Visitor: 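Quick one: structure below, then a few questions.
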There are 2 protein chains.
Amino acid sequence: MKKDISTEEKILEAARQVFYRKGMDGARMQEIADEAGINKALLHYYFRSKEKLFEAVFQEVIKGFFRSIEKALYAELPLTEKAEYVVDRYITMIESNPFVPQFIISEINRNPQMLRNVMMSEKFTPQSLVDVFGNPDVENHLFKFDPRQMVISLLGMVIFPYAARNLIQMIYFDGDEAEYSKFLSERKEFVKTMIIKMLTA
Amino acid sequence: MKKDISTEEKILEAARQVFYRKGMDGARMQEIADEAGINKALLHYYFRSKEKLFEAVFQEVIKGFFRSIEKALYAELPLTEKAEYVVDRYITMIESNPFVPQFIISEINRNPQMLRNVMMSEKFTPQSLVDVFGNPDVENHLFKFDPRQMVISLLGMVIFPYAARNLIQMIYFDGDEAEYSKFLSERKEFVKTMIIKMLTA
DNA sequence: GTCTATATGGCGATAGAC
DNA sequence: GTCTATCGCCATATAGAC
């Protein structure tokens with residue numbers, strides 16, 4: 001049934017856009033319907049309720065987010081190169097979904113149980129990112145720190161500029177969108193350089 | 001009029017708590033009234049509308065956030081020590097308001113204009129944090145990078161663990177709150193060390 | 001200033017025709 | 001599967017007594 005899939009996809013795509021902008025509580029079913037070019041009642045036909053629709057979108061986003069960097073984590077590379085590779089993949093991925101970080105951070109608190117469910121349903125192995133920095137087969141000076149400190153730092157450096165985009169853009173770039181985009185495009189190189197510095201004596 | 005101030009303060013405090021947990025759209029005036037131990041109608045007596053009440057809370061939070069680190073920025077210290085001092089102050093401040101980062105990130109998108117207004121009404125000089133790293137009177141190897149790259153990195157490393165607390169806690173700490181708190185308490189030292197590494201050859 | 005009671009509008013959800 | 005019409009509730013906001 002081509003028609004079915006097409007409509008369901010249209011709804012999910014529209015819902016994603018609206019939920020990105022407004023969040024679960026701020027979003028309106030009418031707005032999603034308009035965005036999808038269909039009637040409001042159809043949303044309830046495909047997904048029973050707003051809550052269910054949101055869960056479907058949230059699951060989809062979370063899954064995509066984690067899967068997209070999994071490959072980089074298992075690459076057979078020495079520590080520093082692997083770290084560079086991870087940063088590269090991560091930023092590239094966010095660049096193509098720039099609203100995801102803020103969306104996730106905003107919605108996490110609303111229903112932590114939902115996040116747990118998504119994590120369970122898929123077999124996420126986030127430990128592997130820790131392994132990248134916890135691997136002791138390379139000379140480095142991080143032993144006195146929990147390797148997760150490095151992981152969180154990497155994630156913070158990569159994600160924060162997107163999660164807090166509007167704030168940063170206004171404060172440090174006078175609201176100039178183009179200038180901030182340029183800044184972000186130069187950031188990949190900077191973060192790579194800094195991660196390597198952090199990993200070496 | 002002691003009574004007036006007391007009630008208004010009670011409302012603001014209650015509103016802050018509820019808005020932290022639920023956000024602007026998720027919050028209910030009834031819940032704020034209950035939290036403040038007063039009647040719902042009183043909220044409208046003191047603040048005309050939910051929107052106005054939220055703006056008052058948001059302004060207050062933003063102002064407090066920026067002011068609290070301003071002192072550290074003007075300290076007369078050499079680059080590395082100043083950077084350490086800033087990190088220290090920042091984390092200490094967030095530790096006493098751990099829900100603020102996520103709150104700000106979540107609400108920024110809703111109404112960027114409001115943020116602009118707050119920035120205008122106060123005379124924020126965020127440039128000073130850039131000056132910390134842009135100061136060329138110290139030997140360092142950052143010249144080929146925009147000093148704002150350092151600023152955003154520092155902020156990301158400091159803020160991200162709080163903004164994405166629930167997510168990180170679940171993924172990397174198996175949901176163990178105590179363990180994550182311990183992790184955070186060790187983080188101040190880690191970030192300081194890393195910032196210094198990033199600033200030196 | 002603070003309360004109770006009520007108006008008003010909007011939103012999620014459903015009924016039912018096609 | 002898709003639409004129009006409508007229900008029923010709930011949240012913001014106001015009226016008005018005290």
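Just so you know, these numbers come straight off a predicted model, no measurement behind them. A, B, ... follow the sequence lines: proteins, then strands. Residue 1 opens every chain.
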Visitor: Could you please name the option among C:dC3, D:dC3, D:dG1 that lies closest to any side-chain atom of A:A41?
Guide: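 The closest nucleotide is D:dC3.
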Visitor: Under a plain distance cut-off of 3.5 Å, with no hydrogens placed, do B:E107 and B:N111 share a side-chain donor-acceptor pair?
Guide: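 Side chains of B:N111 and B:E107: no pair found under 3.5 Å.
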Visitor: Base, sugar-phosphate, or nothing for A:A33, non-hydrogen atoms under 4.0 angstrom?
Guide: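 The answer is nothing, as A:A33 stays clear of every strand by at least 4.0 Å.
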Visitor: Can you establish whether the number of heavy atoms outside B:F99 located under 6.0 Å from its atom CZ is more than 12?
Guide: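 Atom CZ in B:F99 is not packed in, count stays at 12 or less.
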Visitor: Consider the side chain of B:Y46, meaning its heavy atoms from C-beta on, and name the nucleotide among D:dG1, C:dG1, C:dT4 that approaches it most closely.
Guide: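 Closest of the options to the side chain of B:Y46: C:dG1.
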Visitor: Just checking, is any N or O donor in the side chain of A:Q149 or B:R187 under 3.5 Å from an acceptor N or O on the other one?
Guide: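 On atom types as modelled, these side chains qualify, holding a pair under 3.5 Å.
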Visitor: Hey, are the side chains of B:M170 and A:L115 touching, using non-hydrogen atoms and a 4.5 Å cut-off?
Guide: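 Yes, at least one pair of side-chain atoms sits under 4.5 Å.
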Visitor: Select one nucleotide: of C:dA13, C:dA15, C:dG1, the one nearest the side-chain heavy atoms of A:S49.
Guide: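 Within the option list, the nearest is C:dA13.
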Visitor: Choosing from C:dG12, D:dT4, D:dG1, which nucleotide comes nearest the side chain of A:R28?
Guide: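 Selected nucleotide: C:dG12.
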Visitor: Got a second to check how far A:I62's CD1 is from A:F103's CZ, nearest 0.5 Å?
Guide: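 The CZ atom of A:F103 is 8.0 Å from CD1 of A:I62, to the nearest 0.5 Å.
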Visitor: Consider the side chain of A:H44, meaning its heavy atoms from C-beta on, and name the nucleotide among D:dA13, C:dT14, C:dC3 that approaches it most closely.
Guide: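 Given the options D:dA13, C:dT14, C:dC3, the side chain of A:H44 is closest to C:dT14.
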Visitor: Nearest whole Å is fine: how far is D:dA11 P from B:L43 CG?
Guide: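 Result: 14 Å.
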Visitor: Quickly work out the B:K50 NZ to D:dA13 P distance and round it to whole Å.
Guide: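 About 8 Å, once rounded to whole Å.
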Visitor: Can you tell me the distance, in whole Å, between the CE atom of B:M29 and the P atom of D:dA13?
Guide: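 Checked: the CE to P distance equals 6 Å.
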Visitor: Return the value, rounded to whole Å, for the distance between atom CG of B:N39 and atom P of D:dG16.
Guide: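 Rounded to the whole Å, the gap is 17 Å.
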Visitor: Without decimals, in angstroms, what is the distance between A:L53 CG and C:dC11 P?
Guide: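 About 16 Å, once rounded to whole Å.
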Visitor: Write down the distance between CG (A:L42) and P (D:dT4), rounded to a whole number of angstrom.
Guide: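 In whole Å, D:dT4 P lies 10 Å from A:L42 CG.
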Visitor: May I have the distance from A:Q30 (atom CD) to C:dG9 (atom P), rounded to whole angstrom?
Guide: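 Rounding to the nearest Å, CD of A:Q30 and P of C:dG9 are 18 Å apart.
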Visitor: Check the phosphate of D:dG1 against A:T7, side-chain N and O only, distance under 4.0 Å to OP1 or OP2. Yes or no?
Guide: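 False: A:T7 side-chain N/O out of range (4.0 Å or more) of D:dG1 OP1/OP2.
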Visitor: Figure out the NZ/P separation between A:K40 and D:dT6, and round it to whole Å.
Guide: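 It is 13 Å, rounded to the nearest whole Å.
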